[in-house]
Amino acid sequence: MFTGIVEETGIIESIRKQGVSAMIQIGCNKVLEGTKLGDSIAVNGVCLTVVKLEKDGFWADVMTETMHRSSLSQIKAKDHVNLERAMAADGRFGGHIVSGHIDGTGSVVQIRPEENAVWYTIEAAPELLRYIVEKGSIAIDGISLTVAKVSEKNFQVSIIPHTRQETTLSEKQIGNIVNLECDIIGKYVERFVGGAKKQQESKVTEEFLQKYGFC
């Protein structure tokens, strides 16, 4: 589990394509502290497993499903990425619950400065927007952020200078693709409520059939 608090930005040193899947080499420093083979590190919000450690970086496999679901299919050598180690059991919970399992991607359609903040408007598919609520949490490229506004086609977040400086948001431009992970609590609530509703509907149908002798 992650919290969406980026620890450092790393750099893509190399990419070894294997069909659609790939192995990527990431240069970094801070997230290597205490990291072992098999540990999880969120790369732009995507939970990846460390398969090789080096003095100044690590390697990770990116499978086909991850390539299709996230923006990692578009990364290039020298690109910067947000990095966060999995949360330790005794760690501080600074952001929100982030699984590292990307729901899909969005597109940056507007960047607008406002005094000391910068507004980012992200366009996303309806199946993602249904889980995004005003003042709720959203992880954008692994960054825990608060949703400021939501419409039928997009949502907006307001970014403080520190967050822009410490993450890849400062490099984003109109048209860039970003990874989105919606608040996991909302998805579970929908699942449970939907399941309960289906059970109730099934029970009503069964009672009707029994009452009128159809079963």
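Hydrogens, waters and symmetry mates are skipped; everything else that's a heavy atom, side chains included, is used. We number each residue from 1, following the sequence as shown.
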**Asked** Hey, mind stepping through L180 and Y131 against side chain to side chain contact (heavy atoms under 4.5 Å, CB included) and telling me if it holds?
**Response** CA-CA 11 Å; L180 301 177; Y131 298 113; over 6 Å; no
**Message:** If you compare all heavy atoms of V98 against all heavy atoms of E181, which two are closest, and at what distance to 0.1 Å?
**Reply:** CG1-OE1, 3.2 Å
**Request:** Find out if a path of hydrophobic residues (ILVMFWY) with successive side-chain heavy-atom gaps under 4.5 Å connects L145 to F155.
**Result:** yes
**Request:** Take Q156 and W119, measure what side-chain hydrogen bond (donor to acceptor under 3.5 Å, both in side chains) needs, and give me the verdict at the end.
**Result:** CA-CA 7 Å; Q156 296 181 348; W119 285 82; over 6 Å; no
**Prompt:** If we only count heavy atoms from C-beta on, is the V46 to N179 side-chain gap below 4.5 Å?
**Reply:** yes
**Request:** Nearest 0.5 Å please: distance from the SG atom of C47 over to the CD1 atom of I102.
**Result:** 10.0 Å
**Message:** Strictly by salt bridge (Lys or Arg N to Asp or Glu O under 4.0 Å), give each pair with a member in residues 58-77 just once, sequence neighbours left out.
**Reply:** E65-R69, K76-D79
**Asked** Under the 3.5 angstrom rule, does the side chain of D103 hit a backbone N or O of C182 as a donor-acceptor pair?
**Response** yes
**Asked** Got H68 and T64 here, is their nearest side-chain heavy-atom distance under 4.5 Å?
**Response** yes
**Fill in**
Correct closest heavy-atom pair for A139 and H96 would be N-CE1, 4.0 Å
**Asked** Out of curiosity, does V157 fall in the hydrophobic cluster containing V133 (side-chain heavy atoms, cut-off under 4.5 Å, transitive links)?
**Response** no
**Message:** Can a donor-acceptor pair be found, under 3.5 Å and without considering hydrogens, that links the side chain of N44 to the backbone of G142?
**Reply:** no
**Message:** Quick one, V178 and T105 - any side-chain contact, counting heavy atoms below 4.5 Å?
**Reply:** no
**Prompt:** Are L53 and V81 co-members of a hydrophobic cluster defined by side-chain heavy atoms under 4.5 Å apart?
**Reply:** yes
**Asked** Is there a side-chain contact between Q74 and I177, using heavy atoms and a 4.5 Å cut-off?
**Response** yes
**Prompt:** What do the steps show when you test I159 against Y120 for side chain to side chain contact (heavy atoms under 4.5 Å, CB included), and what is the final call?
**Reply:** CA-CA 8 Å; I159 310 301; Y120 288 78; 3.4 Å; yes
**Request:** Taking all non-hydrogen atoms of both residues into account, name the closest pair between V150 and E134 and its distance.
**Result:** CG2-N, 3.7 Å
**Request:** Return the minimal non-hydrogen interatomic distance between T167 and T163, and the atom names on each side.
**Result:** OG1-O, 2.7 Å
**Message:** For G10 versus C28, what's the shortest heavy-atom pair and its separation?
**Reply:** CA-CB, 4.5 Å
**Message:** Quick one, I11 with I26, criterion side chain to side chain contact (heavy atoms under 4.5 Å, CB included). Give me CA distance, side-chain angles, the key distance, then yes/no.
**Reply:** CA-CA 6 Å; I11 186 169; I26 300 172; over 6 Å; no
**Message:** Show every salt bridge (Lys or Arg N to Asp or Glu O under 4.0 Å) that has at least one partner inside residues 135-149, sequence neighbours left out.
**Reply:** D141-K172
**Asked** Are the side chain of E8 and the backbone N or O of N29 linked by a donor-acceptor pair below 3.5 Å?
**Response** yes
**Message:** If I take atom NE2 from residue H101 and atom OG1 from residue T66, how far apart are they, to the nearest 0.5 angstrom?
**Reply:** 8.5 Å
**Complete:** For E123 and K153 the tightest heavy-atom approach is CG-O, 3.4 Å
**Request:** Report yes or no: do T9 and N82 form a side-chain donor-acceptor pair below 3.5 Å?
**Result:** no
**Message:** Checking S170 against Q165 for the side-chain hydrogen bond (donor to acceptor under 3.5 Å, both in side chains) test, could you report, in this order, the C-alpha distance in whole Å, the side-chain angles of both residues, the deciding distance, and whether it holds?
**Reply:** CA-CA 6 Å; S170 61; Q165 293 165 6; over 6 Å; no
**Request:** Report the C-alpha distance between E84 and T3 in whole Å, list the side-chain angles of each, state the deciding distance to 0.1 Å, and finish with yes or no for side chain to side chain contact (heavy atoms under 4.5 Å, CB included).
**Result:** CA-CA 8 Å; E84 180 192 358; T3 68; 3.1 Å; yes
**Message:** So S40 and F2, do their side chains get closer than 4.5 Å, heavy atoms only?
**Reply:** yes
**Complete:** One should read off an interatomic distance between F58 CZ and T49 OG1, to the nearest 0.5 angstrom, of 10.0 Å
**Asked** Can you find a heavy atom in the side chain of I122 that is under 4.5 Å from one in the side chain of V108?
**Response** yes
**Message:** Any heavy-atom pair between the side chains of R85 and E33 that's under 4.5 Å?
**Reply:** yes
**Message:** Here's a test for you: under side chain to side chain contact (heavy atoms under 4.5 Å, CB included), which of L32, L48, V50 qualifies with I41?
**Reply:** V50
**Asked** Roughly how far, to the nearest 0.5 Å, is CD of E13 from NZ of K78?
**Response** 5.0 Å
**Request:** Check whether M67 and I15 end up in the same hydrophobic cluster, where Ile, Leu, Val, Met, Phe, Trp and Tyr are linked by side-chain heavy atoms less than 4.5 Å apart.
**Result:** yes
**Prompt:** Is a donor on one side and an acceptor on the other found under 3.5 Å between the side chain of T168 and the backbone of E171?
**Reply:** no
**Between CD on residue Q25 and NZ on residue K52, distance to nearest 0.5 Å** = 7.5 Å
**Message:** Please say yes or no: joined through hydrophobic side-chain contacts below 4.5 Å, possibly via intermediate residues, are L83 and L72 part of one cluster?
**Reply:** yes
**Asked** More than 12 non-hydrogen atoms from neighbouring residues, nucleotides or ligands closer than 6.0 Å to CZ on R112, yes or no?
**Response** yes
**Item:** Any side-chain heavy-atom pair of I140 and I138 under 4.5 Å
**Value:** yes
